[in-house]
Colleague: 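Below is one structure. I have some questions about it.
The first residue in the sequence is number 1, and the count goes up from there.
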Amino acid sequence: MNIKRSIGKRLHKMFGRKKKDQPVGPLTNLYQTNYDRTVLISYLTTPFYKANDFTHQNYLTSHIVAESFSALGYNVDVVDYSDSSELNYDKYAVIFGMGKRMEQSFYEQNRLIPRVYFVTGAHDDLHNRMGLKSIKDFYALSGLWLPEETNILTDSSYYTVFNADFAIIFARGYIYEDYKSRFEQEIFSLNNNILNVFSDCKPKSAAGRSSGFLYLSGGKQLTKGLPLFLEVARLHKDLKFYVVVPDLNQALEDYYKDVFAPEGNVSLFKNLRMDGKEMKAIVEACSYVVAPSYIDGLPGGTIEPMSAGLVPIVSRYCGFPKQDFIFEMETLSVAGLQEMFARVLAMDDEAYMNCSNAVKAYTQKNFSAAQVKEELIEILKAKLS
């Protein structure tokens with residue numbers, strides 16, 4: 001197996017990258033500084049060449065990581081995680097990130113350079129196990145085998161996953177604890193950042209409380225748990241469901257044509273900008289956001305609406321911490337999701353508003369770009385000083 005090609009395919013799957021969104025070239029000394037040390041960041045280069053399209057949190061994440069290292073006195077070189085150009089690893093004081101460049105660095109003789117693995121999901125083994133489960137569960141339900149609707153990793157970044165000097169993971173709760181149990185070195189939790197595009201949405205109120213449930217997600221809908229959401233929609237015609245995705249597998253859309261039909265109770269939207277008027281109108285129409293994911297890492301499609309006060313219903317595989325205002329499914333099943341629906345709908349208006357206000361304040365404080373950057377700097381400062 002060609003290690004460069006296979007790892008490239010693996011990371012493209014994780015980010016859902018398409019041919020039209022190919023990476024751009026490496027960036028050398030991004031901020032034109034003259035420090036004594038240089039860091040190599042193996043993550044994304046596109047965010048430094050293009051304007052924010054408000055479709056994914058990783059645009060801001062890229063800038064947060066680069067700015068944090070610069071603030072700590074590093075010249076910053078950035079390569080795309082799938083980059084295959086020649087590199088002189090010996091020039092770097094730190095190697096940070098994921099992908100081909102990170103994995104290839106372990107084949108160099110100098111092992112004294114700290115390698116910091118940036119984990120934006122779960123451990124590879126749990127990731128694959130739950131991805132396969134999502135395919136099997138939907139096959140048992142529908143008779144449709146849709147392997148393209150999950151991110152099975154068919155190669156291994158073994159050195160990176162098991163021998164990085166320390167790791168930083170977008171997860172807390174179960175996902176963090178699972179990774180910690182498999183990783184010999186120290187691992188740190190870091191919150192994903194919000195784009196903060198819903199801060200000017202109409203505030204939630206008891207009078208405006210609706211029976212609207214939002215499912216907002218990127219690609220790979222089986223693994224994101226969309227069938228669980230739509231099965232509940234089939235059972236609850238009295239509720240309103242909103243599905244916002246970049247695109248939808250045609251076989252999956254056809255299977256749920258009854259709920260997507262004009263007379264159905266599910267509104268389907270594709271390829272919306274998060275900062276657009278239509279997206280904000282959907283957020284204002286909903287009181288709850290649902291993420292019945294089989295595997296994730298603090299998903300942006302959930303935390304973004306949470307910042308507007310939508311009460312979250314999530315699986316434990318989303319990586320959220322235990323909080324009174326985060327409703328975590330007991331089981332990853334239609335019954336488990338129905339139970340959480342019943343719980344949030346049973347809240348009286350006072351309890352609902354307390355919950356909505358708490359989740360909004362929690363998300364805006366802890367997932368803001370400024371807060372995430374501050375926490376990342378503290379982690380790097382403590383470990384690399």
Colleague: Within a reach of under 6.0 Å around NZ of K277, are more than 12 heavy atoms found that belong to other residues, nucleotides or ligands?
Modeller: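 Not more than 12 within 6.0 Å, no.
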Colleague: How close do L345 and R209 get, counting heavy atoms only, and between which atoms?
Modeller: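 Looks like O-NH2, 3.7 Å.
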Colleague: Residues in ring pair (Phe, Tyr, Trp, His ring centres under 6.0 Å) with F320, at least two apart?
Modeller: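 Partners of F320 by the ring pair (Phe, Tyr, Trp, His ring centres under 6.0 Å) criterion come out as none, since no residue qualifies.
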Colleague: When you compare the side chain of D124 with that of Y158, does any pair of heavy atoms fall below 4.5 Å?
Modeller: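 Of all side-chain heavy-atom pairs linking D124 with Y158, none is under 4.5 Å.
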Colleague: State plainly whether the residues K100 and D80 are in salt-bridge range, i.e. N to O under 4.0 Å.
Modeller: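 No, K100 and D80 are not salt-bridged.
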Colleague: Kindly indicate whether the side chain of M98, heavy atoms from C-beta on, has any atom under 4.5 Å from the side chain of T160.
Modeller: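 No, side chains not in contact.
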Colleague: Under 6.0 Å between the ring centres of Y317 and Y174?
Modeller: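 Yes, the ring of Y317 comes within the 6.0 Å limit of the ring of Y174, centre to centre.
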Colleague: Look up atom OG1 in T302 and atom CG in D296, then write down how far apart they are to the nearest 0.5 Å.
Modeller: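 If I round to the nearest 0.5 Å, the distance is 7.0 Å.
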Colleague: Taking atom types as modelled and ignoring hydrogens, do the side chains of Q221 and Y215 form a donor-acceptor contact shorter than 3.5 angstrom?
Modeller: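 A pair is found: one side chain offers a donor N or O, the other an acceptor, under 3.5 Å apart.
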Colleague: If you apply the rule side chain to side chain donor-acceptor pair (under 3.5 Å), what do you find for D137 with Y294, and how did you get there?
Modeller: CA-CA 11 Å; D137 284 357; Y294 280 72; 2.8 Å; yes
Colleague: Decide, yes or no, whether a salt bridge links R101 with D83 under the criterion of side-chain N to carboxylate O below 4.0 Å.
Modeller: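 Yes, R101 and D83 are salt-bridged.
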Colleague: Tell me, please, whether F327 has R316 positioned over its six-membered ring: NZ or CZ under 6.0 Å from the ring centre and within 45 degrees of its axis?
Modeller: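 The answer is no, since R316 fails at least one limit relative to F327.
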Colleague: For T363 and S307, test the side chains for any donor-to-acceptor distance below 3.5 angstrom and give the result as yes or no.
Modeller: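 Per modelled atom types, T363 and S307 side chains form no pair under 3.5 Å.
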Colleague: Measure the CZ-CG distance between F269 and L216 for me, rounded to the nearest 0.5 Å.
Modeller: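 Rounded to the nearest 0.5 Å, the CZ-CG separation comes to 11.5 Å.
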Colleague: Tell me whether K365 forms a cation-pi arrangement with Y362, defined as NZ or CZ under 6.0 Å from the six-membered ring centre and within 45 degrees of its axis.
Modeller: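 Here K365 fails the 6.0 Å and 45° test against Y362.
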Colleague: With a 4.5 Å limit on heavy-atom distance, are the side chains of V289 and F213 in contact?
Modeller: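 Side chain of V289 against side chain of F213, heavy atoms only: no contact under 4.5 Å found.
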Colleague: Check this for me: does any side-chain nitrogen of one of E378 and K373 sit under 4.0 Å from a carboxylate oxygen of the other?
Modeller: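 No.
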Colleague: Taking the side chain as C-beta and beyond, is there a heavy-atom pair between L230 and L252 under 4.5 Å?
Modeller: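 They are not in side-chain contact.
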